[in-house]
Amino acid sequence: MDDREYVVTLNISALAYQRMYSGDARHILARDMQGRRVRFPAMSLRPFVTRDGVSGVFVLRVDARNKLIEIRRKTD
């Protein structure tokens with residue numbers, strides 16, 4: 001299995017996420033905890049949106065082709 005994980009901290013306001021949701025931005029570009037740039041679909045954050053936006057530490061798992069497999073909120 002060649003899956004990789006990236007840990008990113010996100011703090012996206014509700015207004016900024018609304019622009020993404022409406023199609024103005026289709027991807028999120030973030031830096032993981034090791035300084036690597038990570039790009040992933042904005043829609044993958046939909047389950048984590050609150051009225052304040054999206055914030056927290058997230059684990060992104062990608063396959064060998066860098067396709068997003070899973071995103072989850074980090075619990076520890």
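Hydrogens, waters and symmetry mates are skipped; everything else that's a heavy atom, side chains included, is used. Everything quoted here is computed from the prediction, not taken from an experiment.
Put simply, the side chain of Met33 reaches to within 4.5 Å of the side chain of Thr9, judged on heavy atoms. Taking the side chain as every heavy atom from C-beta outward, Val57 and Val8 never approach each other to under 4.5 Å. A heavy-atom distance below 4.5 Å is found between the side chains of Ile71 and Leu45. Put simply, the side chain of Asp63 does not reach to within 4.5 Å of the side chain of Arg4, judged on heavy atoms. Between Val38 and Arg31 the shortest side-chain heavy-atom distance does not fall below 4.5 Å. Using a 4.5 Å heavy-atom cutoff, the side chains of Val59 and Tyr6 are not in contact.
Under a hydrophobic-cluster definition in which Ile, Leu, Val, Met, Phe, Trp and Tyr are linked whenever side-chain heavy atoms come within less than 4.5 Å, directly or via other members, Phe40 and Ile69 are assigned to different clusters.
Applying the salt bridge (Lys or Arg N to Asp or Glu O under 4.0 Å) test to every pair with at least one member in residues 64-73, sequence neighbours left out, gives these pairs: Glu5-Arg72, Arg61-Glu70, Glu70-Arg72. A ring-ring contact (aromatic ring centres under 6.0 Å, His included) check over residues 48-76, counting only residues at least two apart or in different chains, returns the pairs Phe48-Phe58.
For Asp52, the side-chain hydrogen bond (donor to acceptor under 3.5 Å, both in side chains) criterion is met by no residue, not counting sequence neighbours.
Counting all heavy atoms, side chain and backbone alike, Ile12 lies closest to Ile28 at CD1-CD1, 3.9 Å. Taking all atoms of both residues into account, the shortest heavy-atom contact from Pro41 to Leu68 is CD-CD2, 4.1 Å.
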